[in-house]
Amino acid sequence: MTSHENRFPDWQTLYQEQDVKTLPWYYQELDPDLANALKSYNIRQGRFLDLGTGPGTQAVALAQLGFDVVGSDLSKAAIEKAQTLSSKAVFVEDDILNTRLEPGFDYIFDRGCFHVLPPETRSQYVQTVHHLLNPRGYLFLKPFSTANPEWPAGPYRFNKEAIHAIFEPAFELISVIDTIYQGTLAEKPQALFAVLRKV
């Protein structure tokens with residue numbers, strides 16, 4: 001996870017003090033929406049960035065499928081815990097708004113970073129992920145949906161029109177579907193799953 005304002009917890013402290021398996025966004029298997037997209041687009045190999053990797057489960061699941069995977073997170077504690085899961089994925093501490101990552105990714109998966117960034121940083125985020133992706137690379141984005149009730153804390157919420165406005169013209173919006181955000185909560189939050197391609 002990554003954040004730059006008081007709306008969200010201190011990610012470093014959170015990952016130091018809490019068992020990752022109890023976190024609301026913990027999901028051990030590959031996200032079903034990403035799994036379906038990989039199948040639909042016949043994506044079987046390439047270099048993936050799991051952005052805001054948190055517990056690291058998505059990076060590990062992608063690596064087990066044979067992808068070359070880097071998982072990045074703002075929290076050093078999250079990265080240290082993720083590194084114990086598997087040697088197949090590479091985990092690095094990094095802030096996407098001040099990234100040290102080098103370009104060269106075919107795909108980026110984000111199910112925990114974009115929707116916690118302050119609104120004023122979204123254009124910077126778009127520029128950065130665009131820079132990191134190879135030509136015609138894909139961004140798979142899973143933010144919270146406006147179908148959820150509004151609350152003063154927690155992830156920002158988006159609809160299809162907002163995703164379109166934020167990411168175009170740098171990205172072509174291929175598809176957006178309504179879905180749920182898998183995790184440990186009994187009632188799963190409403191989410192979007194967007195497939196975007198670098199222009």
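Just the heavy atoms: all of them, side chains too, but no hydrogens, waters or symmetry mates, feed the values below.
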task = Give a yes/no verdict on a cation-pi contact between Arg47 and Phe67, requiring under 6.0 Å between NZ or CZ and the six-membered ring centre and an angle within 45° of the axis.
result = no

task = With Arg122 as the cation and Tyr156 as the aromatic partner, state whether NZ or CZ is under 6.0 Å from the six-membered ring centre and within 45° of the axis.
result = yes

Nearest 0.5 Å, please: how far is [atom2] in [Y] from [atom1] in [X]?
{"X": "Asn36", "Y": "Phe140", "atom1": "CG", "atom2": "CZ", "result": "11.5 Å"}
{"X": "Thr128", "Y": "Leu51", "atom1": "OG1", "atom2": "CG", "result": "9.5 Å"}
{"X": "His131", "Y": "Thr99", "atom1": "NE2", "atom2": "OG1", "result": "8.5 Å"}

For the residue pair [Y] / [X], report whether a side-chain donor-acceptor contact shorter than 3.5 Å exists.
{"X": "Asn134", "Y": "Arg136", "result": "no"}
{"X": "Gln18", "Y": "Thr22", "result": "yes"}
{"X": "Asp73", "Y": "Thr53", "result": "no"}
{"X": "Ser75", "Y": "Gln12", "result": "yes"}

Taking all non-hydrogen atoms of both residues, which atom of [X] and which atom of [Y] are closest, and how far apart?
{"X": "Ala170", "Y": "Val126", "answer": "CB-CG1, 3.9 Å"}
{"X": "Leu85", "Y": "Pro55", "answer": "CD1-O, 3.1 Å"}
{"X": "Ala82", "Y": "Gly54", "answer": "CB-O, 4.2 Å"}

ask   = Taking Ile177 as the fixed residue, which of Asp33, Leu192, Val195 is the one that meets the side-chain contact (heavy atoms from CB on, under 4.5 Å) rule?
value = Asp33

request  = Check each of Val70, Leu139, Leu101 against Leu132 using the side-chain contact (heavy atoms from CB on, under 4.5 Å) test, and report the only one that passes.
outcome  = Leu101

key: side chain to side chain contact (heavy atoms under 4.5 Å, CB included) assessment of Glu168 paired with Leu173   = CA-CA 7 Å; Glu168 292 197 354; Leu173 183 57; 3.6 Å; yes

key: Parallel, tilted or perpendicular: ring planes of Tyr125 versus Phe167, cut at 30 and 60 degrees   = perpendicular

ask   = In terms of the angle between their ring planes, are Phe144 and His115 parallel, tilted or perpendicular, with boundaries placed at 30° and 60°?
value = perpendicular

Salt bridge (Lys or Arg N to Asp or Glu O under 4.0 Å) between Lys76 and Glu93, worked out = CA-CA 6 Å; Lys76 180 179 180 180; Glu93 181 185 354; 5.5 Å; no

query = Is the distance between the ring centroids of Phe48 and Tyr107 under 6.0 Å?
reply = yes

message = Tell me if the centroids of the rings in Tyr27 and Tyr181 come within less than 6.0 Å of each other.
response = no

query = Looking only at atom types and distance, does a side-chain atom of Glu172 sit under 3.5 Å from a main-chain N or O of Val199, one as donor and one as acceptor?
reply = no

message = Any side-chain to backbone donor/acceptor pair from Asn148 onto Ser145? Under 3.5 Å, distance only.
response = yes

Verify the cluster assignment for [X] and [Y]: are they in a single hydrophobic cluster under the rule of side-chain heavy atoms below 4.5 Å apart?
{"X": "Ile79", "Y": "Val20", "answer": "no"}
{"X": "Ile174", "Y": "Ile43", "answer": "yes"}
{"X": "Leu74", "Y": "Leu141", "answer": "yes"}
{"X": "Leu34", "Y": "Leu49", "answer": "no"}

message = I'd like to know if Lys142 and Asp110 make a salt bridge, using a cut-off of under 4.0 Å between side-chain N and carboxylate O.
response = no

